[in-house]
Amino acid sequence: MIIAIDGPAASGKGTLSRRLADHFGLRHLDTGLTYRAVAAALLANGLPLGDEGVAIEIAHNLDLAQMDKSVLSAHEIGEAASRIAVLGGLRDELVKLQRRFAQTPPGAVLDGRDIGTVVCPDATVKLFVTASPEARAKRRTDEMVSKGQDAQYAAVLEDLKRRDERDSKRTVAPMRQADDAVLLDTTEMDIETAFQAAVDIISRARGA
Ligand code: C5P
């Protein structure tokens, strides 16, 4: 069983994916971390983000078990990840890795931007999780403040909008809802409600 979850930054898809993986006894891969890990390695070595050859080599040697979310969640790494995510050859390399993960028993929940459209087009169930930019910016700001970070709502909102624009307008594997994905708009939902809604959608799809 493969569950594909796509959606924009701060839509709640990460938390939702982890909980769904636990609930259904599946493995979980946050594919954003794979782009972040490559970006982080380029930044750490002072290499240009446009050097696709080096980026592909880093991706080829990437060890999913070594990706540290707490380190990779840094804002500048997210920005750099979204810049290198336009490189087609790099995406091909990361998609290979992501597919291998998805196809390993007992199955997996993958979350990202192109899981339902490119990585796992034959997934058992596909969800596109979204929320208004304002709701997402509020969640992201609250999350950062709770971690003691300095965060301004207006700046976070602008940032999310810029990231959405870049991710949905790029020519290679743009973020979009797959034709057979179910839309889950969490603007008015807390995480518990969103989780229950997702479990219902998945259970129905499995039953069918
Ligand atoms: O989801 P997260 O914010 O960690 O992703 C960082 C960036 O990686 C995104 O802005 C997007 O550009 C890219 N990404 C992607 N395809 C995925 C996952 C992430 O292009 N499947």
Side-chain angles (χ1 to χ4, degrees), residues 2-18 20-21 27-43 49-50 52 55-56 58-59 62 64 67-103 108-121 123 126-131 133 136-137 139-141 143-144 147 149 151 156-178 181 184 186:
I2 297 175
I3 302 176
I5 305 202
D6 290 303
S11 58
K13 66 182 191 308
T15 310
L16 203 57
S17 301
R18 266 191 307 282
L20 289 170
R27 297 148 70 246
H28 170 233
L29 178 63
D30 170 355
T31 61
L33 288 183
T34 64
Y35 290 89
R36 285 173 181 263
V38 174
L42 290 169
L43 290 175
L49 295 176
E52 190 168 19
I56 290 174
I58 295 169
L62 195 64
L64 297 182
M67 297 189 305
D68 183 344
K69 188 175 165 67
S70 60
V71 173
L72 296 176
S73 60
H75 179 258
E76 61 278 14
I77 297 179
E79 263 307 295
S82 133
R83 288 175 189 280
I84 62 167
V86 302
L87 304 170
L90 169 64
R91 298 197 70 90
D92 289 344
E93 194 62 39
L94 289 177
V95 166
K96 272 194 244 166
L97 229 127
Q98 295 160 5
R99 283 192 183 136
R100 256 203 312 277
F101 183 93
Q103 282 154 8
V109 179
L110 276 79
D111 72 270
R113 305 289 191 289
D114 62 339
I115 310 301
T117 50
V118 176
V119 182
C120 302
K126 300 178 186 178
L127 292 180
F128 192 83
V129 182
T130 190
R136 291 187 283 126
R139 286 177 199 161
R140 178 56 57 86
T141 311
E143 182 192 334
M144 291 170 77
K147 287 183 187 158
Q149 295 166 3
V156 171
L157 178 61
E158 275 320 296
D159 207 71
L160 283 177
K161 286 182 174 169
R162 223 180 16 250
R163 181 90 71 85
D164 287 355
E165 165 105 6
R166 198 184 295 141
D167 287 346
S168 54
K169 299 264 166 71
R170 68 178 175 228
T171 46
V172 202
M175 170 176 71
R176 73 170 180 85
Q177 182 180 347
L184 183 60
T186 67

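We count ligands from 1, going down the list as the structure has it; atoms in each ligand are counted the same way.
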(request) Would you mind finding which of Thr117, Thr31, Asp167 brings a heavy atom closest to atom 10 (O) of ligand 1? (result) Asp167
(request) Can you pull out the closest protein heavy atom to atom 5 (O) of ligand 1? Residue, atom name and distance to 0.1 Å, please. (result) Gly32 CA, 3.7 Å
(message) Looking at Asp167 and Arg113, is any side-chain nitrogen of the basic one under 4.0 Å from a carboxylate oxygen of the acidic one?
(response) yes
(message) Give the atom numbers and elements of ligand 1 that come within less than 4.0 Å of a heavy atom of Ala85.
(response) 12 (O), 13 (C), 20 (O)
(request) For the pair Asp6 and Lys13, find out whether any cationic side-chain nitrogen is under 4.0 Å from an anionic carboxylate oxygen. (result) no
(request) Work out whether the distance between some heavy atom of Arg91 and some atom of ligand 1 is less than 4.0 Å. (result) yes
(request) From atom 2 (P) of ligand 1, work out which of Arg166, Arg36, Met175, Lys69 has a heavy atom at the shortest distance. (result) Arg36
(message) Students should be able to answer this: which protein heavy-atom is nearest to atom 8 (O) of ligand 1, and at what distance?
(response) Tyr35 CB, 3.6 Å
(message) Under 4.0 Å from a heavy atom of Asp114: which atoms of ligand 1 are those, numbered in the order shown and with their elements?
(response) 16 (N), 17 (C), 21 (N)
(message) Below 4.0 Å from ligand 1: does a non-hydrogen atom of Arg170 turn up there or not?
(response) yes
(message) Please check: side-chain N/O of Glu52 versus main-chain N/O of Leu90, any donor-acceptor pairing under 3.5 Å?
(response) yes
(request) Among all protein heavy atoms, pick the one closest to atom 1 (O) of ligand 1 and tell me residue, atom and distance. (result) Arg113 NH1, 2.9 Å
(message) What I want to find out is whether Glu143 reaches Arg139 closely enough, with some N-O distance under 4.0 Å, to be called a salt bridge.
(response) no
(message) Show the atoms of ligand 1 that are less than 4.0 angstrom away from any heavy atom in Gly112.
(response) 18 (C), 21 (N)
(request) Could you tell me whether Arg136 and Asp159 make a salt bridge, using a distance below 4.0 angstrom between a side-chain N and a carboxylate O? (result) no
(request) Could you say whether the N/O atoms of Asp30 and ligand 1 ever approach to under 3.5 Å? (result) no
Quick one: side chains of residues 35-42, donor-acceptor pairs under 3.5 Å with protein atoms, not counting sequence neighbours, listed by atom name and distance.
unit_1: Tyr35; atom_1: OH; unit_2: Arg91; atom_2: NH2; d: 3.2
unit_1: Arg36; atom_1: NH1; unit_2: Leu72; atom_2: O; d: 2.8

(message) Ser82 and side-chain contact (heavy atoms from CB on, under 4.5 Å): which single residue from Arg170, Arg162, Arg166 fits?
(response) Arg166
